[in-house]
Amino acid sequence: MAGKTKASKTDGASADAEATAHETSAATKQSAEKKGASKAKQDGAGQAKQAASAQTENRFVQELSDLDDYSRWYLDVVYKADLADLSPVRGCMVIKPYGYALWEHMQRAIDERIKATGHENLYFPLFIPYSFLMREAEHVEGFAPEVAMVTRAGGEELEEPLVVRPTSETIIGHMYAQWVQSYRDLPLLYNQWANVVRWEKRTRPFLRTTEFLWQEGHTVHRNEEEAEAETLLILDKVYADFVEREMALPVIRGRKSESEKFAGALRTYSIEAMMGDGKALQAGTSHNLGQNFARSFDISFQDADGQVKLAWTTSWGVSTRLIGALIMGHGDASGLRMPPRLAPIQAVIVPIWRKDDEREAVAALVSEVEQSLRAAGVRVRADWREERPGFKFNDWELRGVPVRIEIGPRDAANGQVTLVPRTDRTAKETIATAGVTARVQALLESIQTMLYEQALAFLKSRTYQASDYEEFKALMADRARLGFVEAWWCGDATCEAEIKAETQATIRNMPLDQPTGKHGACVHCGRPGAAWAVFAKAY
RNA sequence: CGGGGUGUAGCGCAGUUGGUUAGCGCGCAUGCUUUGGGAGCAUGAGGUCGCCGGUUCGAGUCCGGCCACCCCGACCA
């Protein structure tokens, strides 16, 4: 396939895909096209460059581990799986129905856990008086650069500018100060689902956008122990539990270093997940704010002993960034792979027919299976679009639907259907119609488990322990092996900064379960290790 | 904010030293044939060539200014 021009390259690609229908998947081919185009564009190169990229199409699958290609693969999946679209406002995105349905399922599962741990939902305003942001010194320093402000409204300059919330600690602190009087008012356990705006220099759909959706929990406690327990409870029983059980992604629970903690927090904890290219993604954070915000906003109470005391507060959040984690944590060469528990569509029925009478028989069976599945609570859709079956197979694989149900003339004649799991398209099975619902439910369970196990195996295979700095640097420089490196760290911020400057790796967190026994030497400076830390390049 | 690149149909692109009516592929619409791994043929719709100004008989093409977007880096609570 000597593609000399874009046109013939495209033709060559599709002809090739038909000839070899094994690993040359949809996403691969589409990505390859896009990649070829952008490469040629970037280099402003001529025909030699284009011919070269045409030749690499077949092995693009393996190049997914390449960082540059990975980011292109990610964008392809986001747009081609119809999760989101670009917006006319730079850095903002439109979340499309398929992506929003995914978010709704995430919300439901997270909200259940938030409520199960004793919290209630409420809602605070989008606008915050500018002066509020200024109250907590560290907080203002952290957020000021990326705050959007309203200075004009109602046809005139505002007396005091309003900031569009980048997070709500300040306005919530202001209100809590009025709501908390006695130790009997505590703890205050509230959460809100909201949008926030942070003016980022560089954005990527779901991972970092100017506006994003999230939940932010804000609680007030009587003492440090209670606040700390709350912070860790949320991290483990809400966030880690959700990401591991619903999203099927293993995470590392740990504490952030001083330089990585939330602006204004006493301590920040995070869960960190590994993406398909070995980079880390912070999937959720939980902060023990100490008495910092209580002091700035005067959240105090009279305790049982009659003394007026400053309260302890916490805040914690997860966002639509989790969608990015899901994509990069499970996606493969064919596109997205939705964990069944969150999949907007858990099973898709693809009808196949030639003649009208065949269509009738197939339609009857499709309808029967569809109703049976729906009655059993399975989120199912029959795809009657006027496309050919092969197109639909690829399309739904790209969108990550866990189970495909093929129903054709052969099936109709035999009273059976054909099932294909997204995790292995060669594992086709036929089953009598009577058993379909039970079998689909079992398949969904096993796919959920399989996705977790695959992600866990990948995490383990890409987690290393570096005993010396040379080994550390080598690991961080090797794209094929890139992952998490566990090592001792002296606790010095200077040392941390040097590692970052030299390797681009940051301390993701210091795992909650620290090794027992004696500490080793800091991987960078050799001084006594203060903490066992996970280092990685991160999104 | 620094470095690099690109703006021509919804998307991806071509357009020679300036020269008639600006093309190609995908997608889209209509029809027929198809349908168990990304269909074929036919017909058709779709453009103030990013914006403003200049040079010229004539500008997608040359010159100047502006704007937007993309990539790499810095930043990212």
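Below, all heavy atoms of this structure are taken into account, side chains as well, without hydrogens, waters or symmetry copies. Chain identifiers are assigned alphabetically (A, B, ...) following the order of the sequence lines, protein sequences preceding nucleic acid strands; residue numbering begins at 1 within each chain. Worth saying up front: this structure is predicted, and the values here are computed from it rather than measured.
- Classification of A:D383 and A:R385 as a salt-bridged pair holds, one side-chain N sitting under 4.0 Å from a carboxylate O.
- Regarding A:R508, its CZ atom lies at a distance of 12 Å from the P atom of B:rC76, rounded to whole Å.
- With B:rG73, B:rU35, B:rC76 as the candidates, the nucleotide lying closest to the side chain of A:E200 is B:rC76.
- Rounded to an integer number of Å, the gap from CZ of A:R388 to C1' of B:rC41 is 13 Å.
- Rounded to whole Å, atom P of B:rC76 lies 11 Å from atom CD of A:E141.
- Look at CG on A:N394: it is 18 Å from P on B:rC26, rounded to the nearest Å.
- Atom P of nucleotide B:rA74 and atom NZ of A:K537 are separated by 10 Å, given to the nearest angstrom.
- Atom CZ in A:F391 sits about 11 Å away from atom C1' in B:rA39, given to the nearest Å.
- In summary, the side chains of A:Y539 and A:D277 do present a donor paired with an acceptor at a separation below 3.5 Å, with no hydrogens or angles considered.
- With A:E211 as reference, A:N195 is the one residue of A:T203, A:T320, A:N195 to meet the side chain to side chain donor-acceptor pair (under 3.5 Å) rule.
- Ionic pairing of A:E406 and A:R404 is present here: one or more N-O contacts between side-chain nitrogen and carboxylate oxygen are shorter than 4.0 angstrom.
- Judged by Watson-Crick or G-U wobble contacts below 3.5 Å, the nucleotide B:rC67 has B:rG7 as its partner.
- Base pairing annotation: B:rU55 forms no Watson-Crick or G-U wobble pair, as no partner gives both donor-acceptor distances under 3.5 Å.
- In this structure, CZ of A:F393 is placed 11 Å from P of B:rA39, rounded to the nearest angstrom.
- Regarding A:K279, its NZ atom lies at a distance of 15 Å from the P atom of B:rC76, rounded to whole Å.
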